[in-house]
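Contents: one structure, followed by commentary.
Heads up: numbering here begins at 1 and tracks the sequence.
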Amino acid sequence: MEHIHYNGMEIEEFNFPQIFKKPLKLYVWSYNQGKICNFHETEVVAILPKLPNHANIVCLDDGKVSWANNCGVLFNRISPRRATNKELAQWLAQGNGQRKDVENYTHVLYNYYADQDNNFVPDGIMIRKWGDSAWRFPTIDYMGIKEENEK
């Protein structure tokens, strides 16, 4: 995920298409001549696939549908952390759910290079538990993984 900096804040941009069961409170913005404009916090309903010259973020501003070009969350507020490659591979191997890649293929296994156990799962990979219809970011909270210092 790309990080941007605006008014002293570090924002992690969300750009993987998804629809949220409940609107998420996120920051949205646009660019005008390379500068961030229209930066504000609002409820985001969906992130649609990007098309040239079209807004792809569906928002609810005071109950009215609006559109934005970019959205994200304060980086230091992202909690909990994204899973590592090894954690995701183990979670899937234990039969907990499935993953979806950027080509929209679903899988029940996850392969990665052996020297990348502790790398975080890359952007574009989404997961869901069996019986859950919503695709989510592979976070340790959603996957039910406890941090080492919490065990």
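A donor-acceptor distance shorter than 3.5 angstrom exists from the side chain of Arg99 to the backbone of Leu109, with no hydrogens or angles considered. Without hydrogens or angle criteria, Lys50 side chain to Asn69 main chain gives a donor-acceptor distance under 3.5 Å. At distances below 3.5 Å, not a single donor-acceptor pair connects side-chain atoms of Asn70 with backbone N or O atoms of Val28. Judged by distance alone, the side chain of Trp130 and the main-chain N or O of Gly95 form a donor-acceptor pair under 3.5 Å. Looking at Glu13, its side chain never comes within 3.5 Å of a backbone N or O of Ile11 through a donor-acceptor pair. A distance-only check finds no donor-acceptor pair linking the side chain of Gln90 to the backbone of Glu87 [under 3.5 Å]. One N or O on the side chain of Arg128 and one on the backbone of Ser133 form a donor-acceptor pair closer than 3.5 Å.
Side-chain atoms of Leu26 and Glu41, non-hydrogen and from C-beta on, never get closer than 4.5 Å to each other. Ile36 has its side chain out of reach of Ser30: every pair of non-hydrogen atoms, C-beta onward, lies at least 4.5 Å apart. You'll find the side chain of Asp101 stays beyond 4.5 Å of the side chain of Tyr110, heavy atoms only. The shortest distance between side-chain heavy atoms of Asn56 and Leu51 does not fall below 4.5 Å. Residues Arg136 and Asp132 are in side-chain contact: their nearest non-hydrogen atoms beyond the backbone lie under 4.5 Å apart. Two residues are said to be in side-chain contact when any heavy atoms from C-beta on lie closer than 4.5 Å; Val58 and Leu48 meet this criterion. A heavy-atom distance below 4.5 Å is not found between the side chains of Cys59 and Glu43. Using a 4.5 Å heavy-atom threshold, the side chains of Gln98 and His107 count as separate.
Between Asp141 and Lys146, no side-chain nitrogen of the basic residue sits less than 4.0 Å from a carboxylate oxygen of the acidic one, so the salt-bridge criterion is not met.
Using a 4.5 Å cut-off between side-chain heavy atoms of Ile, Leu, Val, Met, Phe, Trp and Tyr, with links allowed through other members, Phe16 and Phe14 fall into the same hydrophobic cluster. Transitive grouping of hydrophobic side chains (ILVMFWY, heavy atoms separated by less than 4.5 Å) brings Leu24 and Val73 into a common cluster. Grouping the Ile, Leu, Val, Met, Phe, Trp and Tyr side chains by contacts below 4.5 angstrom, directly or via other members, places Met143 apart from Phe120. Grouping the Ile, Leu, Val, Met, Phe, Trp and Tyr side chains by contacts below 4.5 angstrom, directly or via other members, places Ile140 with Tyr112.
Nearest heavy-atom pair across Trp91 and Asn96 is O-ND2, 2.9 Å. The shortest heavy-atom contact between Val108 and Gly97 is CG1-O, 4.2 Å. Taking all atoms of both residues into account, the shortest heavy-atom contact from Asn118 to Thr84 is O-CG2, 3.7 Å.
Rounded to the nearest 0.5 angstrom, Thr106 OG1 and Ile127 CD1 are separated by 13.5 Å. Within the model, atoms SG of Cys37 and OH of Tyr31 stand 10.0 Å from one another, a figure rounded to the nearest 0.5 Å. Interatomic distance, NZ of Lys21 versus CD1 of Ile19, reported as 12.0 Å (0.5 Å rounding).
Counted by atom type alone, Asn119 and Tyr113 present zero donor-acceptor pairs between their side chains at under 3.5 Å. A side-chain N or O of Ser66 and one of Asp61 form a donor-acceptor pair less than 3.5 Å apart.
Ring pair Tyr142/Phe137: centre-to-centre distance not below 6.0 Å.
Within 6.0 Å of the CG atom in Asp62, the count of heavy atoms belonging to other residues, nucleotides or ligands does not exceed 12. No more than 12 heavy atoms of other residues, nucleotides or ligands shown are found within 6.0 angstrom of NE2 on His54. Within a 6.0 Å radius of NZ in Lys22, other residues, nucleotides and ligands contribute 12 heavy atoms or fewer. Applying the 6.0 Å contact sphere to CG of Leu60 captures more than 12 heavy atoms from other residues, nucleotides or ligands. Residue-environment remark: NZ (Lys100) exceeds the threshold of 12 foreign heavy atoms within 6.0 Å.
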message: If you apply the rule side-chain contact (heavy atoms from CB on, under 4.5 Å), what do you find for Val44 with Phe20, and how did you get there?
response: CA-CA 8 Å; Val44 173; Phe20 303 110; 3.9 Å; yes

field: Verdict with supporting geometry, Ile4 and Trp29, side-chain contact (heavy atoms from CB on, under 4.5 Å)
entry: CA-CA 11 Å; Ile4 65 155; Trp29 66 93; 3.4 Å; yes

